[in-house]
Amino acid sequence: MIKLLPLTKESFVGALIVMFSFFLSTSVIAQQRTIKGTVVDETGSPLPGVAVVIQGTTQGTTTDFDGKFAIDLNETAKFLEFSYIGYQKKVAEIGTTTNFDIALDVDAEQLEEVLVIGYGSTTKKDATGSVEAVTADSFNKGAINSPQGLLQGKVAGVQITTGGGAPGSGSTIRIRSGSSLSASNDPLIVIDGVPVDSEGVSGMRNPLNAINPADIESMTVLKDASATAIYGSRASNGVIIITTKKGATNESSINVNYNGSVSINTLNDQVDVLSADQYRQMMSGRPGEHLLGDANTNWQSEVMNTSVSTDHNVGVSGNVKGWLPYRASVGYTLDNGTLDGSSMDRTTMNLNLSPSLLDDHLKINASVKGMFVNNKFGNTGAIGSAVSYDPTQPVYDDRFPQYGGYHTWTNTSDPASGRSVNAPSNPMAMVHQNSNTSNVNRSIGNAQFDYKVHGFEDLTFKVNAGYDYSSSKGGVYEGLETSWNENNGPAGSDEKGGYVSDYTQTKRNELLDVYAQYNKEIGKHKFDVMGGYSWQHFYEDGTSVESNAYGYKTKDQTWATEYYLVSFFGRANYTFNEKYMATVTVRQDGTSRFSPNNRWGTFPSLALAWKIKEEPWMQGVTAVSDLKLRAGVGVTGQQNIGAGNYPYMPTYTVGDANSKYGFYNPTTGQWEYINTTRPEGYDENIKWEETITYNAGFDYGLFNDRVTGSLEGYYRVTNDLLNVIPVPGGSNLTNMLLTNVGSMENKGVEFSVNTKIIQKQDMHWDFGVNMTWNDSKITKLTLVDDPNYEGVKVGGIAGGTGETIQIHREGYTPYSFLVYEQIYDDNGKPIEGAYVDRNGDGVIDEKDKYIAGDPMANFYLGFSTRFMYKNWEFSMSARAQFGAQVYNNVDSNNSAYDQLYVSANNNTNNVTTDIYNTGFQTRQLHSDYYIQDANFLRIDNIMVGYNFNNLFGGKTSARVFGTVNNPCVFSNYKGVDPEIQGGIDNNMYPRPTTYMLGFNVNF
């Protein structure tokens, strides 16, 4: 059954009643009349495209090519607002006038897009660093339940890869690739001034799900060090600043907005495995043929199905007596996954208050966000099992009542002989006999106070106090009938079977920023100086318990951890003659994660900019409306090193129930067992990774900014790179140690262009594209040069215990694929076990492996277009990547003849159709045959909508739209989807194609 609205949540119902009651009480019907007019610029020339709106409503029109307009209004209309980019807004009283002649004045501030940056804001034309903002009007459309989906493909240098098609799934966000191997490569996320913990929340696939996309006003990306250094030790991977919507500044306006949608999620592809008939034909005359059944089961279709999801959001915004702008919203999302048993049920609430007091000298911005989510995590192991399970076997088999009636592989033909331990599990049993749920509550809030000193208005004191609290609980329950848990229990006991795990987690993130800002303009000199102090505290605790269904515990842990971050920061902006700009930034961070000797780090930056267009010799170049050159250099850090909060301290780990020490007690005559406590290796000198970034670029505008964009290049070097290296025996409590030893470099070029192809009264067409070329290379991994050091093997794969396919090696891209070079016959078919002897020693061994590619795209791009004709609207966005490779672990693990029948396990397995191409008798896991190009062009979304304006006397507008998300992917990759997080394709939760019908209404 589809749940459309969470009617059991009193808060949501109450909000709906209040909002709709207000709408009904204020709706009126009045007589209509038409007024006309003309709008001109400062020279008297007509201005086309000027927005003409009845103040306090959404009813309006735009001027035509000759600057003329006509609008219908009712008796309640008092004022008209005229607004146009680059000009001051003008308000005209209507009275009895029927014809208006309006002249707009140039507003330099309006000419420039406002960008939210760290501890302040700037404008696009005054920015000295690499900063780019995406606003609500430019966000991706469609069924998007998390903020990063709004940004995907929109910003040069930013690559966002979803973890798959699971409800609420997380994403890998990379800004100019990664800067680390062992530490985090995730950007810092700042939500309304609160830097949030990037390590996530237990029970949530995506920590950003706490923010409803419908509540977001803009997302600003800080890319280079001159922009990010203000965040110091957390900014090596860039910064994304999320700003939510605020209340209206107009005293008379009260607006109610409703967004609702229903979407259908369906899969358009499956792993290409043998059908039941193909499988019977292949097994004919082979060992194991006697085990075949009579069914024709498509296991992938059994566990993956079409699903229906829904999303609703109601927002109210306005202003109380001109001094208290407010906005409140309530959202509900029910996202049902295509894998049986997976869903996300989320309720979000958001409140923003922005009062202005003391004659606008004191401005306050307070926000509170709440999220309540119930997750059902479908058993993703069933996806892989559905690929390999024998298609001739039925889902249900009455010979196995002890396993819930599901077909099960047993040790012998006797159903009571016990489950075959190493045989695959029935995919449908894995889905239906597994309950994996979580409940997560999270709240993010803050209060910002800006006080402009009376009598000294150039000086402003600012305080920002914020928090991010979350609590979660969840667990897994698998009953006694689950075959894969049949032997779960102590040896010799009859109380075996089932599996139960429970966990809890509480996280607290508390913030206090105190800083001052001084702005002064003296003649041709403009100064903007800011400095302050920041304190942030992170705390978390939790429990974890595991047992079988009878309560025999194998794990029972309670833990708590915390760390502090204390900072001093400052920034100075200087502008001379509105043309030459300089920005100096410095931040000093201290973290409790490192020893007192390495606790503090200093992160400076310098940026210069030159507004070339402002030079006298450029005034005659009318085709160029904006041209700015900027360059910067800075140092940023990374203190989220992935080694916990106490990596420099000697710590001890208490063993679990399976690692107790046993001894004979002569007093009692019994064997007794105690928990072990073991010391862990540590590095007392571990410290920050530091990244130096050089950046240079042009921002340009052509033809009165009908064409805008930027071109820039960057070069980054990470020093003190953390790597796990071998240490001499006896020198530490481990043989492998995480320590600062390496370096890595990134370099790239970014280009973006946004065009307004058509700008007419009834027709608008915008088109934008961004392109990025990036190259990453490890330059050092050890303290001393060692020509025999191979690197760090990473990238575990299915098909064997401890098998890896990737490596970190000096001179190559991180996570490069390390494989053998396959030899082919004259027909282009791979020869089993035949590899190139690359070192010519006559032996094929590990020394013959080579780097065959990497999962990082060298070139990627995104483009979007929006076309509007009268009330119709069309938009589309797409992405592409080139130069990346993927290891097809689905085929490498499931396309060998010896997998068809495993006598030791008494079971048969299906294989992929790639077996026809290879003919491999045994799996060739390390052949470069499975390293495949991951180039693709993906259409992310297509939207068509229609707008209904001036409903109910001009007080209401509505919009109906249809969207298709992920309609198609163009690629030569042999697997289901070439866009693979991490580069190893091993039965990823497939991304669905989503068809959505939506409705929006503004009261």
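The closest side-chain donor-acceptor pair between Ser425 and Arg419 falls under 3.5 angstrom. Using modelled atom types and a 3.5 Å distance limit, the side chains of Gln981 and Thr172 yield a donor-acceptor pair. For Asn296 and Tyr279, the side-chain atoms include no donor-acceptor pair closer than 3.5 Å. For the residue pair Asp985/Asn889, the side-chain donor-acceptor check at 3.5 Å is not satisfied. Under the 3.5 Å distance criterion, with hydrogens and angles disregarded, no donor-acceptor pair is assigned to the side chains of Tyr835 and Ser927. No side-chain donor-acceptor contact under 3.5 Å links Arg991 and Asn265. Side-chain contact check for Asn966 and Arg938: at least one donor-acceptor pair (N or O, by modelled atom type) lies under 3.5 Å. With no hydrogens or angles considered, no side-chain donor-acceptor pair links Thr297 and Glu302 at under 3.5 Å. Side-chain polar atoms of Asp390 and Thr392 form a donor-acceptor pair below 3.5 angstrom. Checking Asn909 against Asn907 by side-chain atom types alone, a donor-acceptor pair falls below 3.5 Å. Between Tyr929 and Asn888, the side chains place no donor N or O within less than 3.5 Å of an acceptor N or O (distance only, hydrogens not considered). Between the side chains of Ser301 and Asn298, at least one donor N or O lies within less than 3.5 Å of an accepting N or O. Side-chain polar atoms of Gln152 and Gln159 form no donor-acceptor pair below 3.5 angstrom. Side chains of Asn965 and Tyr995: no donor on one and acceptor on the other come within 3.5 Å. With no hydrogens or angles considered, a side-chain donor-acceptor pair links Asp340 and Asn305 at under 3.5 Å. Between the side chains of Asn910 and Ser388, no donor-acceptor pair of N or O atoms lies under 3.5 Å. A donor and an acceptor atom, one from each side chain of Asn185 and Arg174, are nowhere located under 3.5 Å apart. Thr804 and Gln806 are not linked by any side-chain donor-acceptor pair at a separation below 3.5 angstrom, with hydrogens and angles left out of the test.
Classification of the Trp299-Tyr389 ring pair by plane angle, with boundaries at 30° and 60°, yields perpendicular.
Of all non-hydrogen atoms in Asp977 and Met988, the two that sit nearest each other are CB-CE, 4.1 Å. When every heavy atom of Pro992 is checked against every heavy atom of Leu267, the shortest pair comes out as CA-CD2, 4.0 Å. Closest heavy-atom contact between Val836 and Asp848: O-CB, 3.9 Å. When all heavy atoms of Pro990 and Ile383 are compared, the closest pair comes out as CD-CD1, 4.3 Å. Heavy-atom minimum distance, Ala878 versus Ile939: CB-CD1, 3.8 Å. Nearest heavy atom pair, residue Gln885 against residue Phe817, reads O-CE1, 3.5 Å.
Using a 4.5 Å heavy-atom cutoff, the side chains of Asn434 and Phe377 are not in contact. Gln393 places a side-chain heavy atom less than 4.5 Å from the side chain of Trp409. Side chains of Asp891 and Asn917 form no contact here, defined as non-hydrogen atoms less than 4.5 Å apart. Between Gln881 and Phe859, every side-chain heavy-atom pair lies at or beyond the 4.5 Å cut-off. No side-chain heavy atom of Phe920 sits less than 4.5 Å from a side-chain heavy atom of Asp898. When side chains are defined from C-beta on, Gln433 does not count as touching Tyr477, because their heavy atoms never get closer than 4.5 Å. When side chains are defined from C-beta on, Asn209 counts as touching Met344, because their heavy atoms get closer than 4.5 Å. The closest side-chain heavy-atom distance from Ile173 to Asp186 is not below 4.5 Å.
Side chain of Ser417 to main chain of Thr412: a donor-acceptor pair is present (N/O by atom type, distance under 3.5 Å, no hydrogens or angles). Looking only at distances, a side-chain donor or acceptor of Asp837 sits under 3.5 Å from a matching main-chain atom of Asp841. Although no hydrogens or angles enter the test, the distance criterion places a donor-acceptor pair under 3.5 Å between the side chain of His808 and the main chain of Tyr815. Not a single donor-acceptor pair under 3.5 Å links the side chain of Ser309 to the backbone N or O of Ser263. With hydrogens and angles ignored, the 3.5 Å screen pairs no side-chain donor or acceptor of Asn827 with any backbone N or O of Lys829. The closest donor-acceptor contact from the side chain of Asp928 to the backbone of Gln822 lies under 3.5 Å. Looking at Asn426, its side chain does come within 3.5 Å of a backbone N or O of His407 through a donor-acceptor pair. Without hydrogens or angle criteria, Ser385 side chain to Ala382 main chain gives no donor-acceptor distance under 3.5 Å. A donor-acceptor contact shorter than 3.5 Å links the side chain of Ser307 to the backbone of Asn336. Not a single donor-acceptor pair under 3.5 Å links the side chain of Tyr812 to the backbone N or O of Ser776.
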- Could you walk me through whether Tyr396 and Tyr406 pass the ring-ring contact (aromatic ring centres under 6.0 Å, His included) check? CA-CA 4 Å; Tyr396 301 99; Tyr406 291 96; 4.9 Å; yes
- Decide side chain to side chain donor-acceptor pair (under 3.5 Å) for Asp397 and Tyr403; before the verdict, give the C-alpha distance in whole Å, the side-chain angles of both, and the deciding distance to 0.1 Å. CA-CA 10 Å; Asp397 192 328; Tyr403 302 125; over 6 Å; no
- Task: Give the intermediate values and the outcome of side chain to side chain donor-acceptor pair (under 3.5 Å) for residues Asn893 and Arg923.
- Result: CA-CA 7 Å; Asn893 188 43; Arg923 289 177 287 195; 2.6 Å; yes
- Chi angles and distances behind the side chain to side chain donor-acceptor pair (under 3.5 Å) call for Ser435, Glu478: CA-CA 7 Å; Ser435 173; Glu478 296 174 342; over 6 Å; no
- Item | Asn986 vs Ile797, side chain to side chain contact (heavy atoms under 4.5 Å, CB included): CA-CA, chis, key distance, verdict | CA-CA 8 Å; Asn986 187 8; Ile797 58 174; over 6 Å; no
- Message: Applying side chain to side chain contact (heavy atoms under 4.5 Å, CB included) to Asn411 and Asn906, what does each step give before you reach the verdict?
- Response: CA-CA 6 Å; Asn411 291 313; Asn906 192 44; over 6 Å; no
- Message: Would Ser864 and Ser877 count as a side chain to side chain donor-acceptor pair (under 3.5 Å) here? Give the steps.
- Response: CA-CA 4 Å; Ser864 59; Ser877 63; over 6 Å; no
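Surrounding CD of Gln278 are more than 12 heavy atoms belonging to other residues, nucleotides or ligands, all under 6.0 Å away. Heavy atoms from other residues, nucleotides or ligands lying under 6.0 Å from CG of Asp414 number more than 12. Heavy-atom contacts from other residues, nucleotides or ligands closer than 6.0 Å to CG of Asp825 number more than 12.
Salt bridge status for Lys496 with Glu486: absent, with no side-chain N to carboxylate O gap under 4.0 Å. Taking the charged nitrogens against the carboxylate oxygens, Glu289 and Arg286 have no contact shorter than 4.0 Å, which rules out a salt bridge. Comment: Arg879 engages Asp940 in a salt bridge, judged by a side-chain N to carboxylate O separation of less than 4.0 angstrom. Salt bridge status for Glu803 with Lys793: absent, with no side-chain N to carboxylate O gap under 4.0 Å.
Here Tyr860 and Phe882 keep their ring centres 6.0 angstrom or further from each other.
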